[in-house]
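We use all heavy atoms of the structure for the numbers below, so side chains are in, but hydrogens, waters and symmetry mates are not. Because the structure is predicted, anything quoted here is derived from the model rather than measured.
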Amino acid sequence: MSNRFFFHLCRMFQTFKEWFWLERFWLPPTIKWSDLEDHDGLVFVKPSHLYMTIPYAFGLLIIRHFFEKFIATPLAKSFGIKEEVRKKITPNTVLENFFKHSTRQPSRTDIYGLAKKCNLTERQVERWFRSRRNQERPCRMKKFQEACWRFAFYLMITVAGIVFLYDKPWVYDLWEVWNDYPRQPLLPSQYWYYILEMSFYWSLIFSLGSDVKRKDFLAHVIHHLAAISLMSFSWCANYIRSGTLVMIVHDVADIWLESAKMFSYAGWKQTCNTLFLIFSTIFFISRLIIFPFWILYCTLILPLHYLEPFFSYIFLNLQLMVLQVLHLYWCYFILKMLRRCLFMKNIQDVRSEDEDEDEYEEEEEEEEEKGEITKGKETDCLKNGLGANRDLIPNGQHGH
């Protein structure tokens, strides 16, 4: 019985595989997969090449671990960023259950009810929740390490992309992107550019659970999956030339964003603001001008001079349009941060507002507690005939 089930399962998989790789889904009419077989020393793309992106992704995670430990951490310490020691909170089962199963941000009514239930003051309950939220808030060192790793990779892949593409004719003449498509052989530089980029995005997917979570977490997941899907599809359908243009246009702006984050975490606000302004300028030019009016024009309009519309042409452009919608989404956040930079003289990543507010409130709470302790000491001193500076005050005299 089990053998028959396994046989039918294999048959179903084989049928699905044959349907999935139908030439009409991937290639222009009249073109066969046999036309893209290696010959005369020319190598063509194969879907099996993409299997290597998974082990390479784990390799990048290993490299990242050692990079953050031996490069990012010492660099952070040289900027004055220290490992944070979080204040321990008093264990409270009732408050912990409410925190885990109800909400991390209790309302005034919730605080009142919890205070009564735990025989605490409302102020003590507020402090407990604030401290508990800060237990899960990522420290500045971790944020710096992540930004430093991304900066290093984007810098490396951007330099590599420029080296790979500077002498390619399709960079300067978009008509060359579609010349003799899809019978375009794969170059070694194209192979490594694609494989490294895809492996990096896979590594970001694998590290989502441990990386800092921000307000646009879902948008990041969609972006990473869309990037992997787009690169995988463009690889299998041999849209390599247009794919390399899409990648270089995206990578060139990300360097400046990650460097701005690094200096923000280090407290170099002026440098951070300058780098962020550079990033914003490059982002608007590359993703709101070059991408829609150069890349989309190349993939949407120019192919029609060579080919009739077919499935992979439509699907490719739909994915690129989804990417453009994400560009507009991030543009909204960038404009909010630019407003802070220009009018408030301070850049704060709006995706981390809740975390930063908790951090600020915790510091304010600590100052308030110190003030209360100091005030209590002063009161005790006065009761014992001592001034705030602990000098003796003669009876019947007032301190000046």
List, one per line, each side-chain donor-acceptor pair under 3.5 Å for residues 44-51, sequence neighbours excluded.
unit_1	atom_1	unit_2	atom_2	d
Lys46	NZ	Asp38	OD1	2.8
Lys46	NZ	Asp38	OD2	2.8
Lys46	NZ	Phe44	O	3.2
His49	ND1	Lys46	N	3.3

Acceptor/donor pairs from residues 186-196 side chains to any protein atom, 3.5 angstrom cut, sequence neighbours excluded:
unit_1	atom_1	unit_2	atom_2	d
Gln190	OE1	Leu187	N	2.9
Tyr193	OH	Ile248	N	3.3
Tyr194	OH	Ser234	OG	2.7

Mind listing the side-chain donor-acceptor pairs of residues 146-165 below 3.5 Å, one per line with the distance, residues two or more places apart or on another chain?
unit_1	atom_1	unit_2	atom_2	d
Glu146	OE2	Val212	N	2.9
Thr158	OG1	Tyr154	O	2.6
Thr158	OG1	Asp251	O	3.4

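Using cut-offs of 30° and 60° on the angle between ring planes, the pair His250 and His327 is tilted.
Atom CG of Asp254 sits about 10.5 Å away from atom OG of Ser259, to the nearest 0.5 Å. Note that OG of Ser280 is 10.5 Å distant from CG of Leu275, once rounded to the nearest 0.5 Å. The distance from the CZ atom of Arg130 to the CD atom of Gln105 is 9.5 Å, given to the nearest 0.5 Å. Atoms NZ and CG, on Lys117 and Leu95 in that order, are 9.5 Å from each other to the nearest 0.5 Å. Atom-to-atom distance recorded for Lys168:NZ and Asp173:CG is 15.5 Å, nearest 0.5 angstrom. In this structure, CE in Met247 is found 9.5 Å from CG in Leu230, a value given to the nearest 0.5 Å.
The closest side-chain heavy-atom distance from Phe310 to Pro29 is below 4.5 Å. A 4.5 Å side-chain heavy-atom check between Trp175 and Cys298 finds every atom pair outside the cut-off. At a threshold of 4.5 Å between non-hydrogen side-chain atoms, the residues Ile31 and Pro182 count as touching. Between Arg287 and Leu323, every side-chain heavy-atom pair lies at or beyond the 4.5 Å cut-off. Annotation: side chain of Met141 is not in contact with side chain of Lys82 (no heavy-atom distance under 4.5 Å). Side chains of Glu96 and Pro91 form no contact here, defined as non-hydrogen atoms less than 4.5 Å apart. When side chains are defined from C-beta on, Tyr181 counts as touching Leu307, because their heavy atoms get closer than 4.5 Å. Annotation: side chain of Met231 is in contact with side chain of Tyr201 (closest heavy-atom distance under 4.5 Å).
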For a ring-ring contact (aromatic ring centres under 6.0 Å, His included) check, start with the C-alpha distance between Trp26 and Phe20, then their side-chain angles and the critical distance, and finish with the verdict.
CA-CA 9 Å; Trp26 299 90; Phe20 184 79; 5.5 Å; yes
Decide side-chain contact (heavy atoms from CB on, under 4.5 Å) for Glu126 and Thr121; before the verdict, give the C-alpha distance in whole Å, the side-chain angles of both, and the deciding distance to 0.1 Å.
CA-CA 9 Å; Glu126 287 178 350; Thr121 65; over 6 Å; no
side-chain contact (heavy atoms from CB on, under 4.5 Å) between Leu335 and Phe284, intermediate numbers included:
CA-CA 10 Å; Leu335 290 173; Phe284 293 136; 3.8 Å; yes
Would you please test Trp128 and Phe99 for side-chain contact (heavy atoms from CB on, under 4.5 Å) and show each step?
CA-CA 10 Å; Trp128 191 94; Phe99 181 88; 4.3 Å; yes
side-chain contact (heavy atoms from CB on, under 4.5 Å) for Thr103 and Phe98? Distances and angles first, verdict last.
CA-CA 7 Å; Thr103 177; Phe98 190 90; 3.6 Å; yes
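Across all their heavy atoms, Gln184 and Asn179 have their closest contact at NE2-O, 3.0 Å. Of all non-hydrogen atoms in Phe311 and Arg24, the two that sit nearest each other are CB-O, 3.8 Å. Here the closest heavy-atom approach between residue Leu288 and residue Gln324 is recorded as CD2-NE2, 3.7 Å. Closest approach of Pro292 and Leu296 over heavy atoms only: O-CB, 3.2 Å. The two residues Trp21 and Cys236 make their nearest non-hydrogen contact at CH2-SG, 3.8 Å. Minimum interatomic distance between Leu60 and Ser199 (heavy atoms only, all atoms of both residues): CD1-C, 3.7 Å.
Checked against a 6.0 Å centroid threshold, the rings of Phe25 and Phe315 do not count as neighbours. Ring centers of Trp330 and Phe333: at least 6.0 Å apart, outside the cut-off. Taking the centre of each ring, Phe279 and Phe276 come in below the 6.0 Å mark. The aromatic ring centroids of Phe79 and Trp268 lie less than 6.0 Å from each other.
Scored by the side-chain contact (heavy atoms from CB on, under 4.5 Å) test, Ser107 finds Thr109, Asp110 as partners (sequence neighbours excluded). Residues satisfying the ring pair (Phe, Tyr, Trp, His ring centres under 6.0 Å) test with Phe58, not counting sequence neighbours, are Phe206.
The list of side-chain hydrogen bond (donor to acceptor under 3.5 Å, both in side chains) pairs with a residue in residues 292-314, not counting sequence neighbours, reads Tyr239-Ser312, Thr299-Asn317.
Arg64 has a carboxylate O that lies under 4.0 Å from a charged side-chain N of Asp211, or vice versa, which qualifies the two as a salt bridge. Salt bridge status for Arg108 with Glu122: present, with a side-chain N to carboxylate O gap under 4.0 Å.
Linking Ile, Leu, Val, Met, Phe, Trp and Tyr residues whenever their side-chain heavy atoms come within less than 4.5 Å places Ile290 and Tyr166 in a single cluster. Ile314 and Leu27 fall within a single hydrophobic cluster, where Ile, Leu, Val, Met, Phe, Trp and Tyr are joined by side-chain heavy atoms under 4.5 Å apart, directly or via other members. Tracing side-chain contacts under 4.5 Å through hydrophobic residues (I, L, V, M, F, W, Y), one reaches Leu326 starting from Leu318; they form part of the same cluster. Each of Phe293 and Leu320 belongs to its own hydrophobic cluster when Ile, Leu, Val, Met, Phe, Trp and Tyr are linked at side-chain heavy-atom distances under 4.5 angstrom. Using a 4.5 Å cut-off between side-chain heavy atoms of Ile, Leu, Val, Met, Phe, Trp and Tyr, with links allowed through other members, Tyr172 and Leu245 fall into the same hydrophobic cluster.
A donor-acceptor pair under 3.5 Å links the side-chain atoms of Thr281 to the main chain of Leu277, judged by distance alone. The backbone N or O of Ala226 sits nowhere less than 3.5 Å from a side-chain atom of Ser229 that would complete a donor-acceptor pair. The backbone N or O of Ala260 lies less than 3.5 Å from no partner atom in the side chain of Ser264, so there is not a single donor-acceptor pair.
Defined by atom type and a distance below 3.5 Å, a donor-acceptor pair is missing between the side-chain atoms of Thr73 and Glu68.
Annotation: Tyr332, atom OH; neighbour count of heavy atoms from other residues, nucleotides and ligands within 6.0 Å does not exceed 12. By the 6.0 Å contact criterion, OH on Tyr112 is open, its count of non-hydrogen atoms from other residues, nucleotides or ligands being 12 or less. Within 6.0 Å of CG on Asp180 lie more than 12 heavy atoms contributed by other residues, nucleotides or ligands. Counted within 6.0 Å of CD on Gln270, heavy atoms from surrounding residues, nucleotides or ligands total 12 or fewer; the atom is thus considered open.
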